[in-house]
Student: 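Starting off with a structure, shown below.
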Amino acid sequence: MSTFEAMSHLSAVQSSSDFLSTTTIIALTVFFSLLCACIIVGHLLEENRWANESITALLLGLCAGAVVLLVSKSSSSRILVFSEELFFLYLLPPIIFNAGFQVKKKQFFKNFTIILMFGIFGTVISFCLVSIGAFLLFRRIGVTSLDTQDYLAVGAILSATDSVCTLQVLNQDETPFLYSVVFGEGVVNDATSIVLFNSVQSIDFDNIDAIVALKLLGTFLYLFFSSTILGILAGLLSAFIIKTLYFGRHSTDREVALMMIMAYLSYMLAELLSLSGILTVFFCGIVMSHYTWHNVTESSRITTKHAFATISFIAETFIFLYVGMDAFDINKWKASSASAGTSIAVSSTLLALVLVGRAAFVYPLANFINCIRNRSSSKIEFRQQFIMWWAGLMRGAVTIALSYNKFSNSEDTNIEDSALMITSTIIVVLFSTVVFGSITKPLIEAMLLRHAKPNVSDAADIPSLEDLRILFVENGEPSDLRGNQPAAPKRSSLRLLLTYPTWTAHYLWRNFDDRFMRPVFGGRGFVPFVSGSPTSAADETSGT
């Protein structure tokens, strides 16, 4: 009886392990081996001006895909299928959250107006030009089965810049202005492109009119502000909970776990409510770095800073490996019956439209900003405009994911043309990432760093916070110099806001933050006393 029970138990164990597919285990083994290779090669190429981790991962993915294709004797190269769900739900959130968590908030919000102009108006301009260009040129090439909805979808797909690659080709310390503008624009741009793409999919082109256009604008504004507010609320809630409950008294693990889970929960809630998870998790990261991070113990601060960066780095590398290996999926290339000349013509047309579409808004908007700025030191130089144009030309996994979403299961479009659009998109992504990405660092060094002006502190060209405080109270002229003359009227907040908009808003926010927000949600100077914390004594000294 015992032998029979043992045999039954062994049989049950074997049947329960059947879900561990050998193919999946092999695929994951290959990917993790490639991740290790990327880390090692990236370390060896750290000082190389032409290479970065994204290009290294992409090229290694291409090599691995070619090897798999040769081993399978050109029958298949699929060891893992590119999944939109894997990308949008598991890989993208930690990257965007860490970017918000690590971003220099002062520099980001100082350029917030430019970021919104480029990320929203610029994306719409690029979307219109790419869509119109594709409509006018594709028929001459021989692509005839696409309809109006497909052309608009192409415009939305190719308007999505690669904010992931931007993180690696721009340096936040060397070029803070370019980093904050190009990356911030990339985050808003991705959200705008996805909103445009989803809107195009749902529009009824038989009954389109001005009301539909206004509804589209209203939908976008609703999604943008709702997603931002949700991210802010999620960050404030995490700060309030950790500040109130003092998790650090018992376990720093709970602090770290709560920050991670609530950040991911904000993204999932945004997707559940059909909002932009990218914007939500980005602003959640900003709020958590401003409030929540200062409420945890010193060990948790070190842990979260490195944990978020490590998870983001692994996700970034995995994405480029994934894209590189998927580029050799022979089934997609076989499905497209187009000749090599047609494929090159379509890819070249798409790439040219990307170049023109970005130039059409970067230079006009940058010069418009220069016209409304008074100080010459704050104007955007032509060299900076060129780098902003160039660094935003890279297309990545968001572009491929949207292309798969539109053309992999399209019933209205010819199968051959759908496959052609997917393969052409992959060519654009590979070319832009490898070529534009590898040249960006040398371009920055040649055009900006060699001609860089000496670093000037903020206080040298703008009023200090103390100066602004004085201006709010009086006209800035000491009473003993005025003699018996009547006191000059106090300058109004509106006048100062019009004269120094960015820095006056910063001053007003600092006052509001110190008086109302930090006492409730914590932050620098409001860290609770935690017994045993390495910085508990310092925190008590710097508290209220």
Side-chain angles (χ1 to χ4, degrees), residues 49-50 52 99 103-126 129 159 161-163 165-189 354-395 432 435-464 498-506:
R49 53 192 293 203
W50 299 95
N52 55 62
V103 75
K104 293 184 177 180
K105 295 181 287 294
K106 184 177 180 180
Q107 188 68 231
F108 177 80
F109 286 105
K110 176 184 177 182
N111 302 306
F112 195 60
T113 304
I114 306 176
I115 290 170
L116 289 184
M117 288 182 66
F118 278 33
I120 298 176
F121 296 110
T123 305
V124 173
I125 293 172
S126 176
L129 287 177
S159 296
T161 61
D162 187 11
S163 55
C165 199
T166 302
L167 291 171
Q168 299 185 2
V169 298
L170 293 176
N171 189 293
Q172 188 167 203
D173 297 319
E174 292 180 353
T175 54
F177 170 74
L178 287 176
Y179 181 92
S180 63
V181 171
V182 177
F183 172 72
E185 175 221 336
V187 174
V188 179
N189 166 280
V354 169
L355 294 171
V356 174
R358 183 159 183 83
F361 75 83
V362 168
Y363 294 107
L365 290 182
N367 284 285
F368 171 75
I369 292 169
N370 287 341
C371 290
I372 63 177
R373 286 185 169 181
N374 297 323
R375 297 191 311 274
S376 59
S377 60
S378 64
K379 295 183 183 296
I380 306 173
E381 299 178 359
F382 179 78
R383 291 194 295 266
Q384 293 176 317
Q385 295 177 28
F386 180 82
I387 297 297
M388 290 162 66
W389 169 71
W390 183 272
L393 292 175
M394 290 169 284
R395 298 296 181 264
S432 64
V435 176
F436 298 152
S438 62
I439 298 177
T440 301
K441 283 184 179 179
L443 267 179
I444 292 175
E445 182 179 345
M447 297 189 67
L448 295 181
L449 299 183
R450 290 180 183 175
H451 304 88
K453 298 176 182 179
N455 289 331
V456 181
S457 65
D458 292 337
D461 60 348
I462 53 93
S464 66
L498 294 175
T499 308
Y500 309 108
T502 302
W503 300 102
T504 304
H506 181 225

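Model, not experiment: these values are computed from the prediction.
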Student: Classify the angle between the aromatic ring planes of F183 and Y179 as parallel (below 30°), tilted (30 to 60°) or perpendicular (above 60°).
Tutor: parallel

Student: Work out which heavy atom in P364 is nearest to a heavy atom in A359; give both atom names and the distance.
Tutor: CD-O, 3.6 Å

Student: Is W390 close to I439 at the side-chain level, that is, under 4.5 Å between some pair of heavy atoms?
Tutor: yes

Student: Given side chains that start at C-beta, do those of T175 and I387 come closer than 4.5 Å, heavy atoms only?
Tutor: no

Student: Would you mind reporting whether F121 and F361 have side-chain heavy atoms less than 4.5 Å apart?
Tutor: no

Student: Just so I know, are the side chains of T161 and R358 near enough to count as touching, which here means a heavy-atom distance under 4.5 Å?
Tutor: yes

Student: I need the L365 CG to I380 CD1 distance, nearest 0.5 Å.
Tutor: 9.0 Å

Student: Ignoring hydrogens, what is the shortest heavy-atom contact between W389 and L355? Give both atom names and the distance.
Tutor: NE1-O, 3.1 Å

Student: In Å, rounded to the nearest 0.5 Å, how long is the span from CG of N189 to CG of D162?
Tutor: 10.5 Å

Student: Looking only at non-hydrogen atoms, find the nearest pair between I115 and S180 and report the distance.
Tutor: CD1-O, 3.3 Å

Student: Roughly how far, to the nearest 0.5 Å, is CG of N367 from NZ of K379?
Tutor: 9.5 Å

Student: Can you tell me how far the CD1 atom of I125 sits from the CE atom of M117, to the nearest 0.5 Å?
Tutor: 8.5 Å

Student: Report yes if the side chains of M388 and F177 come closer than 4.5 Å at any heavy-atom pair, otherwise no.
Tutor: yes

Student: Is the closest side-chain heavy-atom distance between Q385 and N370 below 4.5 Å?
Tutor: yes

Student: Does the S126 side chain pair with the main chain of G122, one donor and one acceptor, at a distance under 3.5 Å?
Tutor: no

Student: To the closest 0.5 Å, what do you measure between CE (M394) and OG (S438)?
Tutor: 9.5 Å

Student: Would you give the length of the straight line joining atom CZ of F382 to atom OH of Y363, rounded to the nearest 0.5 angstrom?
Tutor: 4.5 Å

Student: Should V188 and F112 count as side-chain neighbours, where that means a heavy-atom distance under 4.5 Å?
Tutor: no

Student: Report yes if the side chains of S432 and L393 come closer than 4.5 Å at any heavy-atom pair, otherwise no.
Tutor: no

